[in-house]
Visitor: 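Mind looking over this structure? Questions follow.
Scope of the values below: all heavy atoms of this structure, side chains included, with no hydrogens, waters or symmetry mates. Source: prediction; values computed, not measured. Chain letters run A, B, ... following the sequence lines, proteins first, then strands; residues in each count from 1.
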Amino acid sequence: MMAPIPALRLEGIVKTFPGVRALDGVSFEVLPGEVHALLGENGAGKSTLMKTLAGMHQPNEGRIFIEENEVVMRTPLEAKAKGVVLIHQELSLAEEMSAAENIYLGELPTKSFGRVDWKTLYAKAGEILKRLNCKFGPQTRVSDLSIANKQMVEIARALTVNAKAVIFDEPTASLTDAEKVVLFDIIRDLKARGVGIVYISHRMEEIFTISDRISVLRDGTYRGTLVTAETSEDEVTQLMIGRSLDLSRNEAQVEFGDVALEVRGLSCGSLYRDITFNVRSGEVVGFYGLVGAGRTEIAETLFGLRTPSAGTILLEGKEVRISSPVDAIANGISLVPESRKEQGLVLGMNCRDNITLPQVDDLTAGPFVSDGAELAIFEQYRDRLEIKTPSWRQAVGNLSGGNQQKIVIGKWLAMRPNVLIVDEPTRGIDVGSKAEIHNLIRELARSGYAVIVISSEMPEVLHVSDRVIAMYSGEIIREFTAAEVTEDNLVQAISGIRADKVA
Amino acid sequence: MADTSKNAFATWLMRNPIWGFIVIIFVFFSVSNEYFFDLQNFRNILVQTSTIGLIALGMTLVMINGNIDLSVGAVVALAASLAVDLQSWGVFATWGNWAILPAVATALAAGIALGALNGFIVWKTGVDAFIVTLGAMIGVRGLVFIYTREESFFASNFAYSDFGSSSVGPLPTLAVLFLVFTVVTHLLLSRTVHGRNTYAVGGNREAAVNAGIRVGPHMMINFMIVGFFAALAGVTLSSQMGAATPNLGRDYELWVITATVLGGTKLTGGAGNIIGTFGGVLAIGILRNGMNLMQVPAFYVLVILGVILIAVLFLDKQLNRRGKQELKI
């Protein structure tokens with residue numbers, strides 16, 4: 001029996017950076033018509049491998065084959081010409097140009113004197129967009145598109161050539177569930193055309209939905225390949241982090257303290273309406289819903305970043321007005337924002353200064369900031385949260401996602417808040433650190449904080465919450481206790497099906 | 001141990017390549033020109049650079065904030081005109097040398113007020129600081145011409161111009177002034193809460209807001225600081241000349257930004273320091289002085305300075321890009 005010829009094959013790839021062996025003899029292959037998932041914690045070498053595949057890095061050792069012909073790819077354009085296309089996690093589109101121009105960026109069809117051949121461009125781009133079932137035309141400006149549609153433009157880019165292998169890097173990171181379905185249809189369509197697909201994601205459920213085989217990297221080395229149909233999440237996780245991960249349901253805690261935060265009839269224009277809930281100290285309340293359901297906006301209102309149009313906020317029974325983050329912090333409310341890089345951290349600043357940023361005013365000795373006081377706080381939270389960094393001087397931008405998130409959490413814990421709001425606590429964080437952050441949230445609640453967790457990942461909400469509030473389109477649909485909530489009724493609730501209709 | 005301190009020095013030099021550059025040009029001019037290595041010449045360099053230097057201190061804060069102030073040159077002219085003109089007003093006729101005091105105070109207050117106005121507009125309208133201060137640069141220069149009726153003012157009180165050429169011990173007063181403010185601003189930026197917030201606001205404005213920093217008032221304070229320094233530079237410059245002309249301070253914004261950027265401050269904000277800026281100011285001062293002593297024609301000096309600006313920043317980018325790749329896996 002003849003084995004099929006792999007669309008793309010790597011053999012013994014070694015890539016070193018000064019001081020680091022990022023890839024250590026990694027071999028990997030993807031067959032035509034196969035979805036091959038690539039898994040590994042942050043820092044395991046996934047992105048380096050991917051950049052090597054796409055011609056952005058040159059390996060120090062090892063060989064790359066396309067359909068068993070050895071190739072050298074010096075640039076992404078060269079890789080693309082040979083049929084290997086990378087679809088970036090961070091969208092790299094020219095926002096002010098049309099979809100068509102973006103799709104053919106760098107290779108616009110031209111007429112004499114270098115004039116752009118618009119007619120051909122729009123015709124060709126339109127054809128590709130149609131193939132992807134896109135509902136927008138080739139002349140649409142990219143800045144007018146939703147994130148999901150921008151991703152479609154990225155994918156369309158890959159289809160301008162006769163791609164033999166397409167690499168998806170965390171493609172669902174910012175997609176809604178409905179958009180995910182469309183993406184998976186496209187991946188299946190590519191698969192049916194015999195394209196080999198490398199699929200990189202942290203989300204286990206997706207990998208089990210879409211992939212045929214799973215390869216695991218750990219610390220820059222290849223750890224093995226599993227056939228998806230014959231393995232389990234547990235086995236994959238073990239391979240990836242060397243132990244299994246507990247994502248069992250949270251045992252509801254019986255004893256809670258007094259109501260720390262109460263919200264009555266809070267509304268904010270069309271973003272959300274008539275929101276009423278409370279959080280007791282020692283309790284974790286999870287907010288679950290689709291992207292755009294209004295969860296983040298409620299958090300932003302509680303933190304003073306938005307002004308509500310109606311309703312009241314009570315802290316320990318007293319009504320408060322919160323019109324800025326300054327007020328929120330003074331009232332003991334802290335927010336770990338949705339996107340840590342954009343909203344949470346000063347990436348160029350060191351770890352210590354990021355942690356002490358909100359309270360640096362209180363750490364002065366005379367006119368100057370006290371180094372000792374700052375260092376004491378940094379060390380306290382570094383040890384408590386097990387932040388891994390070579391020194392406090394390290395710029396936060398150089399840490400891994402999990403450690404960055406811990407810095408943000410540490411920053412707000414250091415403020416000793418009464419109410420801690422955590423928006424998407426584990427977005428873009430590897431599995432091992434996820435568990436750590438989940439445990440941390442549970443532990444914080446046990447030590448008396450009132451915690452609100454907003455998340456788009458159902459297992460996460462189920463795992464950490466004592467109560468779950470399901471939101472749909474700006475309204476609270478239903479509130480569940482940990483005992484009541486199941487995946488099924490939660491899915492129904494956030495799809496807009498009311499409990500009374502279900503019952 | 002010696003190895004780590006050597007490493008720390010190498011890292012420091014990599015972050016502040018301008019000081020390596022200063023050593024090179026210092027040695028070059030010392031060897032190639034007999035008049036350069038001379039105490040009196042060093043005093044000259046300090047006095048010549050003090051005007052640009054003072055403004056650059058304030059500009060560093062504003063640029064680390066992620067803003068810029070193009071109106072500093074016009075503020076120099078306005079402050080100089082006010083300081084020279086007011087001391088000869090009739091109301092102060094009986095004040096003697098004390099008449100200088102309200103004149104200088106008004107000049108400095110005008111600088112601070114214009115800085116506050118720039119900052120307030122940037123804060124409240126959200127228009128880019130480049131545009132706001134470009135408008136201020138044109139508008140304030142217009143005000144200067146209206147106010148002076150296109151004429152130069154001359155200081156009738158010699159005490160004023162004596163100040164510009166006086167000395168404190170071995171050092172010229174203006175050089176001392178510059179050095180003292182350099183130290184003060186360095187401490188402000190590196191050791192105080194305001195300094196810390198300056199980096200945070202420039203590094204990530206949204207994160208700064210989320211950390212409870214009042215970003216608007218904070219930026220306004222930095223505009224007031226650069227306004228103060230521009231006005232102070234106007235005062236020192238006019239006391240050196242014993243006069244103020246409406247065209248004073250033209251192109252100063254460009255020299256100040258050049259010095260600041262040479263010192264490693266990023267136009268995008270979040271990075272920079274006063275030691276670097278001080279280096280940038282000295283580098284320009286040494287280059288101009290040295291080439292002047294070597295009798296390089298003035299226009300060639302400009303060409304060389306332009307080339308050096310780009311070359312140093314290219315070097316900086318190379319050094320720091322390599323630094324990044326080392327850390328990023």
Visitor: Please classify the contact between A:S334 and chain B as side chain, backbone, both or neither, with a heavy-atom cut-off of under 4.5 Å.
Guide: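 It is neither, since no heavy atom gets under 4.5 Å.
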Visitor: Applying a heavy-atom distance below 4.5 Å, give me the residues of residues 404-418 of chain A that approach chain B, sorted by number.
Guide: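 Against chain B, the residues of residues 404-418 of chain A that fall inside the cut-off (heavy atoms, under 4.5 Å) are A:W412.
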Visitor: Quick check on A:L363 against chain B: is it the side chain, the backbone, both or neither that has a heavy atom closer than 4.5 Å?
Guide: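 Looking at A:L363, nothing touches chain B.
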Visitor: Under the side chain to side chain contact (heavy atoms under 4.5 Å, CB included) criterion, do A:F368 and B:L187 qualify, and how do the steps go?
Guide: CA-CA 8 Å; A:F368 299 131; B:L187 291 176; 3.9 Å; yes
Visitor: Which residues in residues 200-216 of chain B have any heavy atom lying under 4.5 Å from a heavy atom of chain A?
Guide: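 Within residues 200-216 of chain B, the residues that come under 4.5 Å of chain A (heavy atoms only) are B:A200, B:G203, B:N204, B:E206, B:A207, B:V209, B:N210, B:A211, B:G212, B:I213, B:R214.
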Visitor: Indicate the atoms forming the closest heavy-atom contact of B:T192 with A:V369, along with that distance.
Guide: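 B:T192 and A:V369 have their closest heavy atoms at C-CG2, 3.5 Å.
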Visitor: Measuring heavy-atom distances to chain B, does A:E374 have an atom under 4.5 Å in its side chain, in its backbone, in both, or in neither?
Guide: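 When you check distances to chain B, only side chain atoms of A:E374 fall under 4.5 Å.
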Visitor: Go through the atoms of A:L335 and report whether side chain, backbone, both or neither lie under 4.5 Å from a heavy atom of chain B.
Guide: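 Contact with chain B involves no heavy atom of A:L335 at all.
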Visitor: Is chain A contacted by the side chain of B:L188, its backbone, both, or neither, given a heavy-atom distance below 4.5 Å?
Guide: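 Looking at B:L188, nothing touches chain A.
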Visitor: Pair A:V360, B:R196 - check side chain to side chain contact (heavy atoms under 4.5 Å, CB included), show working.
Guide: CA-CA 8 Å; A:V360 69; B:R196 181 68 56 78; 3.8 Å; yes
